[in-house]
Amino acid sequence: MSKVILNHGAGGELMQEFLSKHITNHFPSMNAEVPLDSMDDSAVVDDVVFTIDGHTVKPLFFPGGDIGKISVAGTVNDISVMGASPLALACSVIMEEGLDIDVVDRVMDSMGKTAAECGVPIATGDTKVVEGGAVDQMVMSTSAIGKRSQYLDSDLAKAAEYRKVENRWCTDSSVRPGDAIIVSGYMGDHGIALLSFREGYGFESEVQSDVAPLNKMIAEGLKAGGIVAMKDPTRGGLANTLNEWCSKSHVGMEIDYSSIPLRDGVVNACDLLGIDALSIGNEGKCVMGVVPEMAEEVLKAIRRTPEGKDAAIIGRAVEGTEHVVLRTEVGGRRILEAPAGDPVPRIC
Ligand code: MG
């Protein structure tokens, strides 16, 4: 009998296949503007934006963050990248018997501070305790609802000045040939900081997790106008995000490798460990598809925020293929595939 493996939860192609064959196929189809089938960051049901995220990060505390901060930031980001404003969070915490109560206080304090920072209250929740060994210390599930951002209509109207805009939300299927691709900062920091800290590689002195709520940065981008798609490149990293956009939007991508913000510590760690920095999960970054005429304006707007200060335009969507083509520093071209699974498990 086949068994669940770690890569079934790793955000890559194996997980997509697992979800469609063993999870979502059992559910009744739904009639919604952004339904489950679209596999976006959030669903949109009767103009309510709705998401949930599970957190199994190991260890609970790591350089730059902890499970409490990730649980709030990750959920707020999944709502925000749809072009929505998060209204409230719900959290379920499952704790292992024997866990230090001091650990619980530290995690909840961090959750509370992050919720205050992004201005989204934790409105409801649940706690359970299970016998020792039934979970590893603590796992959390965090859900949120959001409503249409007050800036989304003007954002899409700005895009519509330059080309036809079919979607009412910033979905994975909204990218069109010619759109500029922006990343909001350095790629791979979270996964490398966590892996390095957990395994004792020592790169965490140079690289810290980027975990951060992005709702304020995204609001500034929407105010500038012309953003048509957004996604937080978590599990599977930038490679997964761009490939998902290609297959759901039926476009190709041309990406300039040298334009992608990558820290030396991340590049060195990836070289040493034989993993691809572009397949590593981030927790405080956003990828944006923007009509080309507004790309510089959006870039300027998000660079004025602390979370977007290192943002860059890394390439554009093109017609005629559904592949991501990476132009390398030495003038070569290679296809950037979606990772089969995350090279770094249990980072979120
Ligand atoms: Mg997401």
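Numbering of ligands and ligand atoms starts at 1, following listing order. Every heavy atom of this structure was used, including side-chain atoms; hydrogens, water molecules and symmetry mates were not.
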Listing, residues 80-90 side-chain donor-acceptor contacts under 3.5 Å, not counting sequence neighbours, or none:
from	atom 1	to	atom 2	distance (Å)
Ser80	OG	Val76	O	2.7

Is the shortest side-chain N to carboxylate O distance from Arg304 to Glu220 below 4.0 Å? no
Counting no waters, what protein N/O/S atoms lie under 2.8 Å from the Mg ion (ligand 1)? Asp41 OD2, Asp78 OD1, Asp232 OD1
Is it true that Asp100 and Arg106 make a salt bridge, defined as a side-chain N closer than 4.0 Å to a carboxylate O? no
With a cut-off of 6.0 Å (strictly less than), are more than 12 heavy atoms of other residues, nucleotides or ligands near CZ of Phe50? no
May I ask you to decide whether Arg176 forms a salt bridge with Glu166, counting only side-chain N to carboxylate O separations under 4.0 Å? yes
Does the plane of the ring in His190 sit parallel, tilted or perpendicular to the ring in Phe62? Use 30° and 60° as the thresholds. perpendicular
